[in-house]
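Report on the following structure.
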Amino acid sequence: MSRLRLAVIGVGHLGKIHAKLAATIPEIELVAVVDSRLEAREALAKETGAKPVAHFRELIGEIDGAVVVTPTVTHFDVASELIRAGVHVFVEKPITPTVREADELVQLARRRQLVLQVGHVERFNPAFVSVQDRLQEPKFIEARRQSGFTFRSTDVGVIMDLMIHDIDAVLSLVKSPVTSVDAVGVSVLGDHEDMVSARLLFANGAVANLTASRTSYAPARDMQVYTPTRFASIDFATRKATVVEPRMDVLQRDFHVNELNDETRNHLREKLFSELLVKEEVPAVESNAIEQEQRDFAEAIRTGREPRVTGADGRDAVAVAEMVLASVRQHQWDGADSRRIGHLASPMLPLPMVAAMEEWATDDTVILRRKAG
Ligand code: NAD
């Protein structure tokens with residue numbers, strides 16, 4: 001079988017990493033690196049041996065697949081044009097900033113029978129992969145994702161930028177529709193929300209608490225998953241996972257702490273995490289998650305099977321992200337009659353200004369109007 005002829009479109013921070021990795025995978029031929037910025041494409045072309053190209057249209061007919069790593073607000077335009085031209089698409093997360101665009105992209109790829117994969121890279125994180133099969137029917141999940149402000153991805157807020165990773169991972173585990181969301185968030189440095197805490201309720205009774213911040217001095221990416229039979233702690237940053245499995249008598253409510261004699265209590269205190277709540281450090285297979293997603297993309301194209309993270313998965317994550325955003329925008333900071341509403345409200349602003357800003361919280365077009373004066 002011939003190699004997959006691939007282009008990476010948008011070679012900024014993440015696109016560079018994609019291109020350098022693609023150049024090392026034997027099943028892939030990195031044909032071109034595309035960027036509207038001359039210096040970005042020229043520098044990377046030298047490094048990878050690929051052709052520097054200003055616009056992907058020049059490549060139609062020369063490539064089988066493309067990795068789209070342009071800013072999120074451009075994903076729909078770039079990906080839809082590629083699909084219409086018969087190119088398989090791997091698009092970075094989030095698939096698009098709106099469900100409406102995501103739906104259209106998914107339909108388009110289906111009609112053309114092309115692979116549409118989304119870059120929810122944590123699904124390839126060795127820590128997640130090492131435990132996911134043991135996490136059947138989770139009932140409670142907590143996830144925290146925080147970073148410093150990178151001054152990139154400012155075209156969207158922290159929900160579409162960071163929380164979307166955890167939304168996707170949670171949906172892949174819970175496998176039930178989200179029925180309601182309660183969220184609060186604030187913008188710190190721009191017009192979009194930068195810190196958000198959300199509680200998701202699922203039709204099957206599961207609950208997920210998600211926190212995301214991109215203005216944090218303490219980077220972290222972790223998740224705790226509680227199932228009826230075990231608990232797992234996943235650290236996406238260190239790529240380590242720990243599982244705790246209660247002993248059978250504990251699970252069956254046949255363990256009666258008040259009936260234990262002193263000797264047994266002392267013994268179990270010492271052996272709590274080896275005999276009663278048995279703790280296991282799960283060894284993760286060392287692997288590069290981005291390389292694994294590219295290999296998955298190439299394999300899906302070659303065999304016709306679905307990629308691990310489909311366009312529909314990316315669409316579902318955006319649908320939930322929109323629910324979180326809607327809840328953030330409706331939050332009333334001072335109670336039921338509050339005039340401070342949504343992520344742009346600030347306790348520092350006098351109320352007359354709040355009144356003028358109330359409008360903003362409703363949609364982004366108002367924010368744009370404010371910018372335009
Ligand atoms: P970036 O700003 O560093 O890079 C974007 C690049 O795209 C720039 O070089 C820009 O010149 C180029 N570009 C813009 N429009 C273009 C067009 N129409 N055609 C060709 N080139 C174009 O951004 P980034 O941080 O690399 O993020 C890019 C995307 O990757 C975003 O959607 C972001 O959400 C996603 N991302 C995903 C992860 C992850 O963990 N999976 C991490 C970071 C970024």
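The structure displayed is predicted, hence computed values, not measured ones. FYI, the numbering just counts along the sequence from 1. Atoms within each ligand, like the ligands themselves, are counted from 1 in listed order.
A salt bridge does not link R84 with E81: none of the charged nitrogens is closer than 4.0 Å to a carboxylate oxygen. Salt-bridge check for E245 with R134: passed, with a basic side-chain N closer than 4.0 Å to an acidic carboxylate O. The pair K51-E58 does not meet the salt-bridge criterion, since no charged nitrogen lies less than 4.0 angstrom from a carboxylate oxygen. A salt bridge is absent between K46 and E42; no separation between the charged side-chain nitrogens and carboxylate oxygens falls under 4.0 Å. A salt bridge between E281 and K240 is absent, with no side-chain N of the basic residue lying under 4.0 Å from a carboxylate O of the acidic one.
Counting only distance, with no hydrogens or angles, the side chain of D168 and the backbone of A317 share no donor-acceptor pair below 3.5 Å. Checked by atom type and distance alone, the side chain of S327 never pairs as donor or acceptor with a backbone atom of V324 at under 3.5 Å.
Residue-to-ligand polar distances place H165 within reach of ligand 1: an N/O pair is separated by less than 3.5 Å. Residue T72 places at least one N or O, backbone or side chain, under 3.5 Å from an N or O of ligand 1.
Residue contact check for ligand 1: T70 places a non-hydrogen atom closer than 4.0 Å to it. Every heavy atom of A40 sits 4.0 Å or more from the atoms of ligand 1. For the pair E122 and ligand 1, no heavy-atom separation below 4.0 Å is found. The closest approach between a heavy atom of H75 and any atom of ligand 1 is below 4.0 Å.
For atom 14 (C) of ligand 1, the closest non-hydrogen atom on the protein side is P71 CD, 3.3 Å. The shortest contact between atom 18 (N) of ligand 1 and any protein heavy atom is with V78 CG2, 4.1 Å. Here the heavy atom of the protein found nearest to atom 25 (O) of ligand 1 is R152 NE, 3.0 Å. Among protein heavy atoms, atom 7 (O) of ligand 1 sits closest to G10 CA, 3.5 Å. In this structure, atom 41 (N) of ligand 1 lies nearest to the protein heavy atom E92 OE1, 2.9 Å. The protein non-hydrogen atom at the shortest distance from atom 4 (O) of ligand 1 is G12 CA, 3.3 Å.
With a 4.0 Å heavy-atom cut-off, ligand 1 is reached by no atom of M160. The parts of K93 lying near ligand 1 are both backbone and side chain, judged by heavy-atom distances below 4.0 Å. With a heavy-atom cut-off of 4.0 Å, H13 touches ligand 1 through backbone and side chain alike.
In the vicinity of V121, heavy-atom distances shorter than 4.0 Å reach the ligand 1 atoms 40 (O), 41 (N). Listed by number with element, the atoms of ligand 1 under 4.0 Å from a non-hydrogen atom of G119 are 41 (N). Each of the following atoms of ligand 1 lies closer than 4.0 Å to a heavy atom of S36: 11 (O), 13 (N), 16 (C), 20 (C), 21 (N), 22 (C).
Distance remark: protein heavy atom not present below 4.0 angstrom from atom 2 (O) of ligand 1.
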| query | Would V196 and M163 satisfy side-chain contact (heavy atoms from CB on, under 4.5 Å), going step by step from the backbone distance to the final call? | reply | CA-CA 8 Å; V196 170; M163 188 180 276; 3.6 Å; yes

| said: Is there a salt bridge (Lys or Arg N to Asp or Glu O under 4.0 Å) between K93 and E122? Walk through the geometry before answering. | reply: CA-CA 11 Å; K93 51 53 56 177; E122 298 294 31; over 6 Å; no

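For atom 42 (C) of ligand 1, the choice among L14, D155, L44 with the nearest heavy atom turns out to be L14. The closest heavy-atom contact to atom 12 (C) of ligand 1, among the options V68, V69, D35, comes from D35.
Rounding to the nearest 0.5 angstrom, the gap separating the CD atom in Q292 from the CG atom in N125 is 11.5 Å.
The aromatic rings of F140 and Y226 lie tilted to each other, with the angle between the two planes from 30° to 60°.
Identified under the side chain to side chain donor-acceptor pair (under 3.5 Å) test for residues 305-318, with sequence neighbours left out: D103-R315, R123-D313, D296-R305, T310-D313.
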All N/O donor-acceptor pairs, side-chain side in residues 231-238, below 3.5 Å, sequence neighbours left out:
unit_1	atom_1	unit_2	atom_2	d
S233	OG	Q224	NE2	3.2
D235	OD1	A237	N	2.9
D235	OD1	T238	N	3.1
D235	OD2	T238	OG1	3.3

